[in-house]
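Heads up: the structure comes next, in structure tokens.
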Number of protein chains: 2
Amino acid sequence: MSNSTPATIEDVARIAEVSIATVSRAIHMPEKVANSTRLKVNQAIAITGYTTNAMARSLRLGRSNMILVVAPDIGDPNFSNILVGLENEARAHGYGILIGHTQNDAQRGLEYLKFFNSNQAAGLILFTGILPFGHQSMTARLPPSVGVFEPVFNGGIPYVGVDDTEGARKAVDLLLAEGHRKIAFIGDSRTRLAYTRRRMGYDAGLDAAGVPPDTRIVLEGDGTIESGRHAVEQLFMRDTLPTAFMCVNDQTAIGVMVGLGARGYDIPRDFSVTGFDDVPQAVFISPSLTTIRQPRTAIGKQAMALLLELLSDGQPAETEILLRPDLVVRNSVSAPSRNWLRR
Amino acid sequence: MSNSTPATIEDVARIAEVSIATVSRAIHMPEKVANSTRLKVNQAIAITGYTTNAMARSLRLGRSNMILVVAPDIGDPNFSNILVGLENEARAHGYGILIGHTQNDAQRGLEYLKFFNSNQAAGLILFTGILPFGHQSMTARLPPSVGVFEPVFNGGIPYVGVDDTEGARKAVDLLLAEGHRKIAFIGDSRTRLAYTRRRMGYDAGLDAAGVPPDTRIVLEGDGTIESGRHAVEQLFMRDTLPTAFMCVNDQTAIGVMVGLGARGYDIPRDFSVTGFDDVPQAVFISPSLTTIRQPRTAIGKQAMALLLELLSDGQPAETEILLRPDLVVRNSVSAPSRNWLRR
DNA sequence: ATGAGTGATGTAAAGGTTTACATAAAGGTC
DNA sequence: GACCTTTATGTAAACCTTTACATCACTCAT
């Protein structure tokens with residue numbers, strides 16, 4: 001019962017008066033064991049409260065049923081919903097999940113890599129655009145892995161995300177439809193594929209509308225709130241003001257709104273702003289943010305499904321799965337009329 | 001090198017031309033092995049890329065150096081900073097940490113409990129006010145555990161948090177100092193100790209100022225944004241309006257602000273609002289929220305320190321560690337003058 | 001030269017599983 | 001009744017470590 005040391009398979013075997021092999025079979029291949037014996041074993045398990053020692057099992061089997069999810073920043077507002085999708089799908093297939101937090105520290109990433117040498121985890125879900133393992137990854141074998149949200153830079157790792165170009169196109173089309181012609185694009189780092197792709201949507205939208213591109217109102221940043229605020233300052237300094245700000249993500253958009261608010265402007269009366277991601281806060285800031293929604297739970301589900309496929313087949317079915325992002329219209333966009341007049 | 005199966009201690013032993021026992025000693029008790037041999041072993045380890053199999057090690061040792069952190073909701077804005085404190089402290093003592101997500105599902109909690117039967121983790125950090133293990137916890141042995149943020153209801157588990165009463169007192173004192181006399185208290189569930197304690201601070205503050213308590217403006221909820229919004233509606237329906245809202249947490253406060261905003265009121269001109277926690281959003285909503293800061297990183301650090309102590313000594317040094325919460329003054333509080341006139 | 005002590009290394013058992021193989025009993029066929 | 005098949009169970013090896021104990025070769029004191 002409530003013993004000091006957990007029951008082992010031998011305890012169960014002794015009580016059920018069978019061998020440990022039979023106990024193991026009763027658990028994992030119940031059809032291979034006589035009804036009467038199975039009953040005895042189940043009773044013994046109930047009495048002892050036995051649960052198989054996962055370490056011993058993995059050690060013997062050379063595999064585990066845990067999936068490791070590695071994220072550089074657990075506080076990322078996108079993280080938790082994706083996680084739910086990942087978890088539900090994993091559970092449905094008998095896998096459990098563990099979360100590792102690297103804080104963008106390669107050393108920590110490396111520690112988690114050891115998990116795979118020990119068979120403590122069977123597969124890897126990566127939330128980061130680059131492998132978190134530094135150079136060692138070259139010599140070490142990579143476990144079966146799937147990237148989420150953004151492609152993984154330096155490995156041939158399949159990933160699940162959203163069609164960034166299409167999403168960005170939806171945002172720019174909305175702004176164009178409202179009548180905006182001077183639309184700034186506030187990006188993060190040019191090295192990120194998401195940036196490149198969203199920028200492509202922006203460029204294509206302008207082009208289709210016959211609006212000539214204006215690189216003076218295309219800025220880079222680092223995707224943080226602070227970076228959005230900074231972009232606003234830059235544009236005011238240069239005196240090249242747009243009528244709308246299309247931002248590479250919601251954090252940047254929030255920063256832009258804070259920056260404009262600090263200068264006394266009203267959104268959407270004076271300027272329109274769009275984001276990308278639809279983080280939970282997007283509803284609660286004021287005005288609420290018009291943005292592009294990432295179907296997070298679905299992304300998580302797909303990513304896990306892909307990984308499980310990888311684990312059983314060994315071959316990646318496809319190397320990139322892009323889901324459809326939706327435009328979420330809220331209150332940060334309106335027609336630019338008054339702006340036009342003022343300037 | 002880049003072999004298909006990870007190197008074992010035997011591979012290292014063969015290359016270094018020693019026994020596996022010597023390899024193990026060279027790693028864990030380097031002073032017990034001759035300099036020359038240690039050198040050979042280290043070279044062999046470098047060649048093979050050997051890393052010890054954590055499962056085999058834990059199986060043999062009957063303990064691991066992983067700490068499991070179980071949280072019901074990883075999206076909780078309080079979570080990630082605490083986690084950083086936990087991680088840093090753990091790492092400094094040679095422990096790694098793993099995160100389990102229960103989504104408030106006892107079944108999932110139970111799965112993580114199996115971790116301890118398998119020695120996959122040595123200790124437990126709990127982010128939830130009740131044990132996530134359902135009734136089984138009665139029969140099963142609990143691993144060494146520490147609660148974070150709120151006391152754990154049904155176990156004699158030590159915990160690290162903040163002095164809720166003192167924090168609440170600071171908030172109510174600020175409001176009183178600004179001249180408010182009709183101060184609503186918007187709580188979550190009466191079953192939560194944090195509620196009780198913050199309420200105590202509220203009551204004590206009013207009492208010290210000679211303001212008679214008015215239960216008509218003390219409401220309960222569930223601590224969500226929606227719940228704050230709902231509280232505002234209730235007060236308007238009953239026509240028992242306060243001049244200030246003191247909220248049990250920031251989520252509720254944000255909800256209150258949204259609710260007041262929706263009715264066209266300006267904060268802090270028409271009503272003052274305070275929160276508790278200082279979640280990251282508190283800075284970015286407008287107006288920015290005056291609230292009580294939880295020293296999150298410090299809480300995490302202390303909790304892990306306590307757990308590590310538990311692991312080595314077996315005895316909890318103290319059963320409750322309360323850190324000092326600080327008032328963070330922002331822009332959601334002002335004097336009530338105009339309100340008074342209007343009503 | 002002997003014996004005790006010291007230091008470095010090797011041998012083998014143990015930790016809790018799973019499973020190939022061996023064994024045994026029972027059932028079916030002629 | 002002898003033989004083959006099927007079904008149920010047991011035996012023992014393997015997974016990779018750590019470490020108590022044994023062994024061996026020294027050094028040093030007597």
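Proteins get letters first, then strands, A, B, ... in listed order; numbering begins at 1 in each.
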Identify the heavy atoms of A/I74 and B/S80 that sit nearest to each other, and give their distance.
-> C-CB, 4.3 Å
Here the distance between atom P of D/dC21 and atom CZ of B/R25, to the nearest Å, is 14 Å
Check the distance between D/dG10's C1' and A/I9's CD1 and give it to me in whole angstrom.
-> 13 Å
Do A/R91 and A/N88 meet the criterion of a side-chain donor-acceptor pair at a distance under 3.5 Å?
-> no
Using atom NZ of B/K32 as one end and atom C1' of D/dT18 as the other, report the distance to the nearest whole Å.
-> 15 Å
Atom of B/M55, atom of A/M55 and distance for their closest heavy-atom approach | CE-CE, 3.4 Å
Answer yes or no: does a side-chain N or O of A/T22 lie under 4.0 Å from OP1 or OP2 of D/dA8?
-> no
Just wondering, more than 12 heavy atoms not from B/E10 lying within 6.0 Å of its CD?
-> no
Between D/dT17 (P) and B/N119 (CG): distance, integer Å = 17 Å
Nearest to the side chain of A/T37 - D/dT17, D/dA8, D/dG10?
-> D/dA8
Rounded to whole Å, CD1 of B/I20 lies from C1' of D/dC15 at a distance of 12 Å
Rounded to whole Å, CZ of A/R57 lies from P of D/dC16 at a distance of 17 Å
Mind calculating the distance between CD1 (B/I45) and P (D/dT17) to the nearest angstrom?
-> 11 Å
Determine the contact category for B/S118: base if any of its heavy atoms lies under 4.0 Å from a base atom, sugar-phosphate if only primed atoms, P, OP1 or OP2 are that close, otherwise nothing.
-> nothing
Looking only at non-hydrogen atoms, find the nearest pair between A/T102 and A/R108 and report the distance.
-> O-CD, 3.5 Å
Under a criterion of less than 4.0 angstrom to any heavy atom of chain B, what are the 5'-terminal and 3'-terminal contacting nucleotides of DNA chain C?
-> C/dA8 to C/dG16
Just checking A/A21: base, sugar-phosphate only, or nothing, at a heavy-atom cut-off of under 4.0 Å?
-> base
Name the nucleic acid region contacted by A/S24, choosing base, sugar-phosphate or nothing; use a 4.0 angstrom heavy-atom cut-off, strictly under.
-> base
For B/L59 and B/S19, take the nucleotide of DNA chain C holding the closest heavy atom to each; which residue's nucleotide lies nearer the 5' end?
-> B/S19
Any salt bridge between B/E17 and B/K40, counting N to O under 4.0 Å?
-> no
Does NZ in A/K301 sit with more than 12 non-hydrogen atoms of other residues, nucleotides or ligands closer than 6.0 Å?
-> no
d(CD1, B/I27; P, D/dT18) in whole Å | 7 Å
